[in-house]
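Sequence positions, counted from 1, serve as the residue numbers for this chain. In each ligand, atom 1 is the first atom listed, and ligand 1 is the first ligand listed.
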Amino acid sequence: MSTEYEKVIGLEVHAELSTKTKIFCSCSNEFGADPNTNVCPICMAMPGTLPVLNEKVVEYAVKAGLATNCEISRNSKNDRKNYFYPDTPKAYQISQFDKPLCEHGYIEIEDDEGNPKKIGITRIHIEEDAGKLNHNEFGAGSLVDLNRAGVPLIEIVSEPDLRSSGEVDRYLKKLKSILEYIEVSDCKMQEGSLRADVNVSVRKMGAKEFGTRTETKNMNSFRAITREIDYEAERQIEVLEAGGKIEQETLRWDDISGKTFSMRDKEDAQDYRYFPEPDLVAIRLSDEYIENIKKNLPEMPESRRERYKSEFKLSEKDARMLTSSKYLSNMFEAAEAICKNPKAVANWLLSDVSRILNEKELEPDSIPFTAGELARLVELIDKGTISSAIGKKVVEELFENPKDPEEIIKEKGWIQISDEGAIKEVVQKVLANNPQSIADYKAGKDRALGFLVGQAMKETKGKANPQMLNKMFLEELKN
Ligand code: ADP
Ligand code: MG
Ligand code: ZN
């Protein structure tokens, strides 16, 4: 990107709340049910039905507001946002317009130089999700599934404070981890529980005014968001450099071509004809109500990080990486509680397990094995049943076919040979086959010992206990 320009980015993040029921009816809020089974007259918008606000939705939104340093409104309300779309049977969405539940917060991230930087949270409001259209792949029309209609959402709107795709990536990861910690959303991006509208503009370095922004809707992968921002900023600079003007419009990202495409002109608030929702009462919150939620907020990533350093003597970096995901962090704690070897558990999670997750482009919550299975692996190494080299193969296997590591090593025949008689047999065989190495060793060439141990390892397919091999060779060579 031309160094003459800087990027300006603001995000509108939608998070589906993990309440048991929907926002205005008692239908189940479970993901993945058969189409149109989690529905009732209210969320199907039958005439004459009335919404009732789910109190848990307010509680979860207030939690999110407190965890992101927002002011909580004592006096808030719902509004109708009017637009027609086939997956929205009411032809309006109940949202919040001028009196959101939470305002004026911030999230702290690191900028590209590693310095702390606050990203402003303009507002957090509650609203209902729309249904889903399933487009028939043979062009025979579309079918609507209303299971998602009325699923509770919070929309977290950031200030245009972000200046690079790296900052955006860290902001989103931080936000995701906060929402996971306070347990208001499962944040499964692949299921659409967390998705972002990405607003991008560019301006000349040092300019006071922002440039015109474009908005790309419904992005649900970190990688796609990073690529989209870099592509879109470049595109805008090219337009400006050619003497053109940026249109304020809504875009769609195509992940295959790596390009943005125009969807429609940007709509304004006035296009939605917002008005106060007449079927719901105002939301009045007492100080005690808010205080009570504040008191019961769970341990957040920062304090967990400090605890890991003092309680488990982990490094700053390891503690930070483990606590960046509540799922990873919970797994660490559960496995540590069983095997009592925090360093080893942290190492497996941050090295091999994280590497495999990266390769598979998976989030920690997709780890297919349990904390108990990980603890078992650590115990098997600590007891000397397997070497850590075999441990690496066990981790690979745990991803493919998760089960008790003890069963895995039995099935695969990976148990370390620590039987004295068996080791002796191998050592004698290797010595008999390598008289030159014996002569070399006796002539003072210590390297010959390494060679012999290597041969014995080869002979046992890596399963011989290396300490025992070393000891036994030394004994035999003394004679
Ligand atoms: P709308 O719902 O019309 O998109 P909002 O005010 O809800 O409007 O959200 C606007 C989003 O766009 C915010 O996240 C804000 O930070 C961001 N934004 C506003 N102006 C710019 C700009 N010039 N460049 C980049 N992002 C911007
Ligand atoms: Mg928007
Ligand atoms: Zn319903």
At a 4.0 Å threshold, what atoms of ligand 1 neighbour a non-hydrogen atom of Phe210?
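Answer, ordered by atom number: 23 (N).
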Do [X] and [Y] make a side-chain contact, defined as non-hydrogen atoms from C-beta onward lying under 4.5 Å apart?
X	Y	value
Glu373	Pro402	yes
Ile72	Lys294	no
Lys217	Arg252	no
Glu379	Ile338	yes

Evaluating non-hydrogen atoms only, which member of [options] is closest to [atom]?
atom	options	answer
atom 25 (C) of ligand 1	Thr212, Val13, Ile121, Val8	Val8
atom 24 (N) of ligand 1	Ser201, Gly10, Ala196, Pro160	Ser201
atom 15 (C) of ligand 1	Gly120, Ser158, Gly211	Ser158

May I ask you to check if Lys63 and Tyr60 form a cation-pi contact, with NZ or CZ under 6.0 angstrom from the six-membered ring centre and within 45° of the axis?
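The answer is yes; both the distance and angle limits are met.
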If you take the centroid of each ring, where Trp contributes its six-membered ring, are Phe332 and Phe312 closer together than 6.0 Å?
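They qualify: ring centres under 6.0 Å apart.
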Under 4.0 Å from ligand 1, counting heavy atoms only, is it the side chain of [X], its backbone, both or neither?
X	value
Leu11	backbone
Asn199	both
Glu159	backbone

How large, to 10°, is the angle at the Zn ion (ligand 3) when you draw lines to SG on Cys40 and to SG on Cys27?
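It is 100°, given to the nearest 10°.
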Would Glu12 count as a polar contact of ligand 1, with the cut-off being nitrogen or oxygen pairs under 3.5 Å?
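Between Glu12 and ligand 1 (N or O atoms, distance only) the closest approach is under 3.5 Å.
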Stepwise, does the salt bridge (Lys or Arg N to Asp or Glu O under 4.0 Å) test hold for Arg376 with Asp404?
CA-CA 7 Å; Arg376 193 91 190 100; Asp404 184 349; 3.6 Å; yes
